[in-house]
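The block underneath contains the structure these notes are about, expressed in structure tokens.
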Amino acid sequence: MKVSPAPFLFRGGIHPPDSKTATAALPLKDLPLPARLEVSTSQHLGAPAAPCVAVGDRVTAGQLIAKASGFISANVHAPAAGTIAAIREAPTPTGRTATAIIIETDADAPAGEPPYKPIPDWREQAPRSLLDRVAEAGIVGMGGAGFPTHVKLSPPGDKPIDTLILNGAECEPFLNSDNRLLIERAEQVWEGCQIIRRILGAGTIRVAIEDNKREAAKALAAAMESAPDDAHIHLLKTLYPQGSEKQQIYSVTGRTVPMGGLPMDVGCVVENVATAYAVWDAVVNGRPLTARAITVTGDAVNTPTNWFAPVGTSFADLVAASGGARDNLAKLIAGGPMMGFALPSLEVAMSKTSSGLLLFPRECVRPYRSMACINCGRCVEACPLGLMPNELSQAAEADDIDEAENRHVMDCFECGACAYVCPARRPLVQHMRRAKAVITQRRRAAAQQKKT
Amino acid sequence: MNTEQQNTAAGPELVVGVSPHIHSGASVERIMLDVVIALLPAVAAALYFFGLNAARLIVTCVATCLATEWICRRLMGRNNTLGDFSALVTGLLLALNLPPGLPTWMAIAGGVFAIAVAKQVFGGLGYNPFNPALAARAFLLISFTGPMTTWSASCIDATSTATPLGMVKEAFKAGAPAPFAMDGGLTLDFLLGNMNGCIGETSAIALLIGALYLLYRRVITWHIPVAFIGTVAIYAAILHAVNPAASMPVHFHLLTGGLMLGACFMATDMVTTPTTARGRLIFGVGCGLLTMVLRTVKTGAYPEGVSFAILIMNAFTPLINRATRHRIFGAAEAAKREARK
Amino acid sequence: MTSYILLVLGAVLVNNFVLNRFLGICPFLGVSKKLETSLGMSGAVIFVMTCAAAVTWCVDHYLLKPYGLDYLQTIAFILVIAAFVQLVEMLLKRYVPPLYSALGIYLPLITTNCAVLGVAVMNVQNKSGFVESTVFACAAGCGFALALTIFTGLREKIERADPPRAFRGVAIALVTAGLLSLAFMGFNGLVK
Amino acid sequence: MITSILVVSGIGLVCGVALALGARYLSVEENPLIGTVTELLLGANCGACGYAGCGGYAQAIVAGEAPPNRCPSCTPEALAQISAALGIAPIEAAAREVALVLCRGDDEQAQKRFVYDGITACAAAAAVGGGDKACRYGCLGYGTCLRACPAGAIEMVNGVARVHPELCISCRKCVAACPRGIIRMVPAASHTHIFCSSRDPGATVRKVCKVGCIGCRICTRLAEGAITMDGTLAVVDYKQPLDNEELPAKCPGKCILKV
């Protein structure tokens with residue numbers, strides 16, 4: 001049997017209620033094409049893409065509209081045919097602003113040819129050409145951070161990769177986009193995963209799925225039956241943050257990524273299931289990454305839905321399609337509730353990394369007063385990295401950034417486990433983030449000074 | 001102003017903050033309330049064994065602590081913190097740590113000291129380095145040694161005016177044999193709390209019930225109580241094995257004095273104790289060792305050492321915290337990699 | 001042997017120079033902000049105390065006592081101590097400059113650290129022998145080191161505390177020191 | 001009597017010789033001037049000079065890396081003494097400058113985009129969705145400058161920071177602390193200021209704030225060169241005299257005030 005429990009378990013972690021039932025059984029629905037799409041040039045980590053169309057241009061579905069600029073960057077394509085209405089600054093779902101290309105869509109446009117040549121016989125093609133396709137198609141890590149996939153898939157020669165981990169943990173509460181993708185499109189995900197392995201030349205494939213998503217695991221196992229392989233599905237104990245790269249690598253392989261290192265340092269690459277699906281679509285169908293699954297849920301939306309929606313759809317359109325928001329809407333979150341970003345308004349467009357949109361009612365956003373740390377140690381128990389959030393946050397609060405740096409605040413990936421359990425309701429993640437921002441700024445300044 | 005907001009804001013006013021956007025619901029209030037609930041059996045035992053005197057002390061201490069907390073916050077111009085119940089816990093713990101015959105005004109002095117000097121001058125809950133109730137007890141013990149070690153006005157069958165620990169210490173100091181044998185009847189009496197002592201410390205069974213509740217509610221972890229009580233037991237066992245004539249058996253040391261109250265409620269006060277499991281074990285062992293040293297060294301000024309032991313270990317807490325930091329995920333691997341280079 | 005153990009325990013825990021006799025409060029408050037400096041200070045004090053006790057014992061025994069000059073004790077002892085402190089200062093400045101600048105004014109102030117003089121005078125009062133004096137001095141220095149180390153840990157904690165304006169800084173440190181001393185009173189009488 | 005004198009001087013002599021030997025073999029070179037200058041610098045250690053404390057600044061002065069007039073608390077006499085000690089020509093004291101918060105968009109005048117929930121500190125608030133103030137250049141009002149000010153010269157008035165110039169010690173800590181960069185050092189002698197830092201076009205400013213510069217340029221004409229335009233923002237050029245009493249009343253954005 002290919003399905004078995006994960007052999008290891010990382011230290012720390014928390015058990016938030018998974019709150020997934022509202023949308024777990026709802027099939028992905030294709031969103032009717034919105035009249036307007038706001039496609040950001042910065043949907044990935046690294047340099048924003050450079051727009052290569054002008055206002056007034058007509059574009060076809062899948063046409064390249066912004067080119068990757070620099071090594072860590074990704075192409076951006078038009079999700080639908082239409083006319084470029086404007087190119088201007090717009091807010092991103094991660095709380096920043098970036099140049100966005102606004103497309104007035106043309107619903108009557110014929111479907112047309114896929115923009116890239118399909119490669120159904122990818123098993124016979126050189127890994128290099130497949131990698132180029134991934135780069136062309138503008139594929140990024142769709143689990144959250146949005147790291148350009150083609151960069152991740154071309155590790156330096158001295159870092160041999162022997163394990164590819166397909167991340168289907170989806171440990172964030174509320175979200176079901178990856179879960180539904182696995183249930184409904186398991187074969188495509190599986191094929192995408194094999195394509196990635198061919199690019200990497202990796203030995204084994206390990207699939208990591210939390211044990212509360214047995215249906216997804218079953219669907220994938222069925223898909224894997226038809227494609228015999230030495231791959232293996234590991235059911236992870238439901239524990240947040242199993243979906244985090246380093247924790248997952250440990251749970252699945254028992255290897256520990258060195259502090260400050262990358263998964264490739266221990267011979268692993270972790271790819272999200274949505275990314276695998278996008279790779280399949282790009283290679284087999286020749287279609288760039290322009291649409292993704294997104295869960296719209298929460299107690300302040302009328303009809304929670306799992307959408308398959310074009311990138312650039314404004315959250316206002318998504319919410320409207322989901323039956324609209326209720327009057328008691330008080331918080332709007334792009335992403336999951338643990339690591340997602342609260343948005344100031346619905347006038348923000350979804351990106352390649354938007355896996356969910358949560359609408360929380362006023363009852364869930366009670367104002368509270370954070371207190372002094374009472375030293376209970378729950379955050380220390382919860383931290384999957386073994387950091388001490390209590391002391392780090394106090395150092396940051398006292399502006400003792402050096403102390404925070406010496407105590408490895410930079411390793412914090414802001415999973416939020418500490419703040420979730422804190423009985424004093426301290427904004428621990430915000431303290432960490434601020435300390436990290438200060439340190440990054442200092443390091444940048446120091447590097448600049450070195451140069452001059 | 002209102003009309004303008006309506007003009008500009010298209011939707012409702014949204015709250016924007018940093019992730020995570022959900023919370024476990026744990027709160028300081030709930031933790032403190034749990035401690036109060038866990039103390040109820042001990043309070044009941046105190047009322048049963050010491051009657052009105054216990055009621056008088058509990059009411060006095062709680063009222064004093066609450067009032068002092070309110071006044072201090074007022075004077076400092078800060079928010080009212082009566083709602084977090086920490087002053088209530090301090091008041092209860094202080095009362096349970098006092099001998100039944102203590103004059104009311106001394107209890108008031110203790111309450112004021114606990115809140116004003118040991119807690120609020122540091123900025124309130126979370127900042128105090130020493131357990132406020134214990135600091136107040138130590139303060140009273142040093143200032144009013146007589147009343148703090150007079151036990152006459154107490155017990156239902158008061159045959160002696162000293163605590164068992166005091167009687168034993170006096171006897172051994174004088175070179176006499178143990179004043180009583182720890183037979184079954186006496187052990188049961190000690191277990192239930194039928195002896196002289198501070199009003200809340202005598203009933204081991206009531207305190208243990210409370211501790212189990214705290215463990216069940218995950219307010220405390222097992223490390224400190226187990227390490228503390230275990231160390232005392234091992235130390236007492238060794239002492240008894242080496243010299244049975246001049247020492248008391250293990251269960252005597254476990255059931256008498258403030259050990260149960262101290263190990264389950266005072267040494268587990270999270271503000272003043274280490275954060276990591278390892279640190280808590282060290283803390284517990286340190287408390288146990290110090291307690292037994294203070295109890296059994298014949299020349300010591302006080303027959304009981306639990307409160308001082310915990311206070312001294314409180315002082316060590318920052319150093320223990322520093323020494324028992326968790327290993328950071330991947331730090332060892334990073335060091336190895338560095339070494340290879 | 002037992003008497004030496006008791007002597008040491010007594011000087012470190014029971015009659016701790018800082019927490020029980022309230023001597024040497026100045027460096028106790030002055031250099032207790034960072035563990036690194038307080039450890040350096042501890043080392044310096046142990047060194048000065050031990051050497052000063054040894055030398056003052058000799059001075060007392062071979063110079064003052066024979067000539068009946070007991071009344072000159074304070075002056076003579078201070079002279080010796082001052083010289084030792086100067087020596088430590090030079091050594092540190094030369095070999096551990098960061099520690100030297102971190103200790104700052106508190107290094108020369110060991111001269112006026114009453115604990116050092118206290119040890120010397122107490123040795124005379126107790127009519128201790130040479131070895132006893134030196135051991136006692138070293139133990140007293142260790143007691144100072146212990147108190148300083150614990151207190152530094154506490155100060156690093158209260159540094160992050162939020163006391164009312166009037167209590168910020170040294171005031172809250174003194175309150176903490178008082179409470180620490182209260183805790184150490186539990187050792188009272190343990191060793192006579 | 002003689003014995004006592006002899007004994008004490010004997011001990012003193014031995015110690016003296018020991019120390020002399022120590023000084024001979026363990027000494028470390030140090031410029032005595034640094035000590036002199038440090039003493040003259042008053043020792044406020046405010047950091048206004050940009051160095052780590054007065055000692056660091058003194059070192060820099062003696063090394064010739066910095067002029068001695070960077071200390072705002074230094075009296076002219078002390079400055080003269082420092083120059084004399086260094087053996088250089090006396091240096092003029094710089095004109096006193098005070099910090100000024102270039103925003104008056106308080107809770108009543110300026111819009112907010114959302115309800116901020118988090119740490120009460122400006123840098124932290126600015127990092128959350130770009131800050132809750134609708135104006136990207138407005139004072140966030142979470143008091144980071146107030147806590148940075150060693151002189152207690154900053155007060156929060158209705159959600160906007162205000163510097164009390166009479167208390168300001170010109171240390172520039174608030175200037176460095178403000179994540180929006182809207183605190184500026186201005187001559188203490190100037191009293192008319194433009195309290196806005198928004199570089200947004202006038203229409204945008206109007207939408208979000210009732211007291212913002214809309215870039216109408218009326219003030220530039222009235223001020224005869226003492227106010228210049230930096231894009232759409234009017235900026236006072238403090239090198240020029242500015243004594244037009246009508247300015248505050250004539251500003252349609254109501255952001256020019258005489259204080």
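Worth knowing before you read on, the calculation uses all heavy atoms, side chains too, and leaves out hydrogens, waters and symmetry mates. A note on names: the letters A, B, ... follow the listed sequences, proteins ahead of strands, and every chain is numbered from 1.
In this structure, CG on B:Leu290 lies 5.0 Å from CZ on C:Phe187, to the nearest 0.5 angstrom. From B:Leu134, atom CG reaches atom CG of C:Leu179 across 11.5 Å, with rounding to the nearest 0.5 Å. In this structure, CZ in B:Phe113 is found 5.5 Å from CG in C:Leu182, a value given to the nearest 0.5 Å. The line from CG of C:Asp162 to OH of B:Tyr127 is 4.5 Å long, rounded to the nearest 0.5 Å. The distance from the CZ atom of C:Phe184 to the CZ atom of B:Phe308 is 12.0 Å, given to the nearest 0.5 Å.
In this structure, the portion of C:Ile158 lying under 4.5 Å from any heavy atom of chain B is its side chain and not its backbone. Contacts of B:Ile310 with chain C are absent, with no heavy-atom separation under 4.5 Å from either backbone or side chain. Contact annotation for B:Asn321: neither backbone nor side-chain heavy atoms come within less than 4.5 Å of a heavy atom of chain C. Contact annotation for C:Leu19: neither backbone nor side-chain heavy atoms come within less than 4.5 Å of a heavy atom of chain B. Heavy-atom distances place no part of C:Arg155 under 4.5 Å from chain B, backbone and side chain included. In this structure, chain C has heavy atoms under 4.5 Å from both the backbone and the side chain of B:Phe122. B:Phe139 touches chain C through backbone and side chain together, each having a heavy atom under 4.5 Å away. In this structure, chain C has heavy atoms under 4.5 Å from both the backbone and the side chain of B:Ile312.
In this structure, B:Pro318 and C:Leu154 have side chains that are in contact, with non-hydrogen atoms separated by less than 4.5 Å. Counting heavy atoms from C-beta outward, C:Lys157 and B:Thr317 have side chains that stay 4.5 Å or more apart. With a 4.5 Å cut-off on side-chain heavy atoms, C:Thr149 and B:Phe316 do not count as touching. Side-chain atoms of B:Leu141 and C:Met185, non-hydrogen and from C-beta on, never get closer than 4.5 Å to each other.
Top candidate by heavy-atom pairs under 4.5 Å with chain B, chosen from C:Gly153, C:Ala166, C:Pro163, is C:Pro163. With chain C as partner, the option from B:Gly305, B:Ala138, B:Ser307, B:Ala309 having the largest number of non-hydrogen pairs under 4.5 angstrom is B:Ala138. For the set B:Leu311, B:Leu319, B:Asn128, the count of heavy-atom pairs under 4.5 angstrom toward chain C peaks at B:Leu319.
Around the OH atom of C:Tyr62, the shell of radius 6.0 Å holds no more than 12 heavy atoms that belong to other residues, nucleotides or ligands. Within 6.0 Å of NZ on B:Lys173 lie more than 12 heavy atoms contributed by other residues, nucleotides or ligands. Counting heavy atoms of neighbouring residues, nucleotides and ligands inside a 6.0 Å radius, atom CZ of B:Phe144 exceeds 12 of them.
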- Task: Please lay out, stage by stage, how B:Met76 and C:Arg165 fare under the test side-chain contact (heavy atoms from CB on, under 4.5 Å).
- Result: CA-CA 8 Å; B:Met76 285 153 62; C:Arg165 224 165 232 286; over 6 Å; no
